[in-house]
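Pasting in a structure now, in structure tokens, and then I'll have a few things to ask.
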Amino acid sequence: MRLLVAGRHMSRSPTVARLLASQASPPASGQPPPSPSSPSSPPSPPTTFAPVNAALAKEIEDKFAALDPTFRNTKEAFKSKSNLDLIRALVVLKMCAIKPLVQHNQAILATMRRILGKNLFKKALKNSFYGHFVAGETTEEVGHTIERLKRFGVKSILDYSVESDLSHDEAEQKTNATSSMEAEVSPPAIVDTGVVDSATVDLTHERYSAHKDFADRRVNVHAARTYIYEGEKACDVNRDVFCESIDAVAKASGGEGFAAIKITALGRPALLLRLSESIAQTHNFFKNFGVKIDKDITEQWFETVDFDRDGLVDFHGWDQLLEDNQKLGQMFKVLNIKTGKLEPLIQNLTPQEEQEFTNMIQRTVEVAEYGIARGIRLMVDAEQTYFQPAISRMAVAMMKKYNKDRGNIFNTYQAYLRNALDDMECDMQKARREGWHFGAKLVRGAYMDQERARAAAIGYEDPINENYEATGRQYERCLTRIADELARRGRGNVSVMIASHNEDTVRFATKLMRDRGIAPSERIMCFAQLYGMCDQVSFSLGQAGYSVYKYLPYGPVEDVLPYLSRRALENGSVLEKAKVERGMLSSELRRRISNGQFSYKP
């Protein structure tokens, strides 16, 4: 496709094509934007797969040989657990398999609290569900858990898991009350260009708008925490909690750990909807951009969207927003072909809404710089697809700013999304072009049921892969592509956190590391699982010498009840995996008893 400017043909590459390669969200249809070459194909063959030196080559073979690829060595998997821990885990996982208990867990917990009273209720939970899934009430308590895991080769990522215990009606009420904004992504600004039809604009608007039927974003989401916006002061509190978690990790790890944040905890989610829509509408604009326009106007517009003056189209310029605190209403502009004027895409922003966006950016930057100053790397969690375009752009902007010397910021990619590989490819190309470290956390995804229900209700294409197997294949393709990028760019430029409970995925990753000459001690590819889940994978990796982390939830007993409820629901939904883990726990308990280890303590 070509752009006609003042009667002369001008190729879309590298300008428009670079724009398409620099943005991670697909157009509203769910399909990736067109580009001169397929984004999911490596730009060139990798250069070499050899280890850095002979010592690392030996380490690769030794560590791979030490790992039990079946993950069924119960002695190694549960070495960190006492006999009482094994019994507790068996009881908890068995209870998670009883559907009535899982389905009515919140009512049961409330009844227990009322009957037992605060102190007995707290003690009962600490000896059951809380003790199994939560690392402690305070950072001091968590410190003991961190030290214990460290002795068995497992590092820690802290997650303060206190959640607002709101009813469904309360969550809906709060969300609906804060979803209404004066700011809007103006349809005429796109439609009047003559480039995009009104039906496409309207469907995109609906996809990135708040809908009352989905106001409680916790519904059908068991594997991820949801923050309900309760005002700017609550966001300040969340920022402070993230910083406290960073302090705890820094103290326990000596400045070598990770922390995770959610952008929806740091600002008003309705702003993310507007930003995500503006990105999606921009894709619509460029996908069809091929018209005759005045040269001077065109050059003015291209200068406007080349924020860093490098000759490439940035359009959204998130890094400049981080640096210069630029006004949101001035950032997004499209060229109206009919009038020949640049028009704001986001219109009617009030001073309060501008300030709220500034606050969200400032909090995010403060947390990032707080962590980096203490040697702690930050992972920006992925969220629902209608927020994700804006979240990803913020994460990429932070990577550009803070990943000059090493991977301080990691963006999260959800392999269950059809466009995950294309999104990741665009960001990797941007990182290579601009010379910063590309950091990725790769997950399967946590919002499948909700995403599918919302897509069906509103009428846009289901963004999720067709089945579990397709997601597994996509996850492996993403890992392979990251390994290719490492071979192309060299050590120190690419790294990935493989956050997966899937044993096949972990086996694939460890084999990929061996085949590509990546040593565990280089920490280019690390692994992560949740505390209280998938121990047979985490501790097998740790004992073999791989870099592996546990997500450690912490917080006061009664304040983490919503988290415990989600863990019960998640374990109840993966019965086959829980059954395997229960079988391994039983086997290890029998082995110890048969060997006379009646009071085994790690």
Under 3.5 Å side-chain donor-acceptor pair for Thr264 and Glu383: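 Thr264 vs Glu383: donor-acceptor pair found between side chains.
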Over-ring placement of Arg567 relative to Phe129, 6.0 Å and 45° cut-offs: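 Because its charged atom misses either the 6.0 Å distance or the 45° angle limit, Arg567 does not stack over Phe129.
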Distance-only side-chain donor-acceptor flag, Gln543 / Lys79, under 3.5 Å: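 Side chains of Gln543 and Lys79: pair found under 3.5 Å.
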Leu585 to Ala89 - nearest heavy-atom pair and separation: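 Between these two residues, the closest heavy atoms are CD1-CB, 3.7 Å.
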Nearest non-hydrogen partners of Ala509 and Leu479, listed with the distance: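 Smallest heavy-atom distance, with atoms named: CB-CD1, 4.0 Å.
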Partner set under salt bridge (charged side-chain N to carboxylate O under 4.0 Å, His left out) for Glu588, not counting sequence neighbours: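 Salt bridge (charged side-chain N to carboxylate O under 4.0 Å, His left out) check on Glu588 returns Arg591, Arg592.
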Donor-acceptor pair between Ser82 and Asp85 side chains, under 3.5 angstrom: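 Note: Ser82 and Asp85 side chains meet the donor-acceptor criterion.
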Cation-pi check, Arg444 onto Tyr468 ring (under 6.0 Å, within 45° of axis):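 Checked: cation-pi criterion met.
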Flag for Asn502-Tyr475: side-chain donor and acceptor within less than 3.5 Å: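 No, no side-chain donor-acceptor pair sits under 3.5 Å.
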Over-ring placement of Arg148 relative to Phe152, 6.0 Å and 45° cut-offs: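 Not satisfied by the 6.0 Å and 45° rule.
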Under 3.5 Å side-chain donor-acceptor pair for Gln388 and Gln384: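 On atom types as modelled, these side chains do not qualify, holding no pair under 3.5 Å.
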Within the 6.0 Å centroid threshold, strictly below: Phe410 and Phe258: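 Yes.
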Contacts of Tyr160 that satisfy ring pair (Phe, Tyr, Trp, His ring centres under 6.0 Å) - sequence neighbours left out: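 In terms of ring pair (Phe, Tyr, Trp, His ring centres under 6.0 Å), with neighbours along the sequence ignored, Tyr160 is linked to Tyr554.
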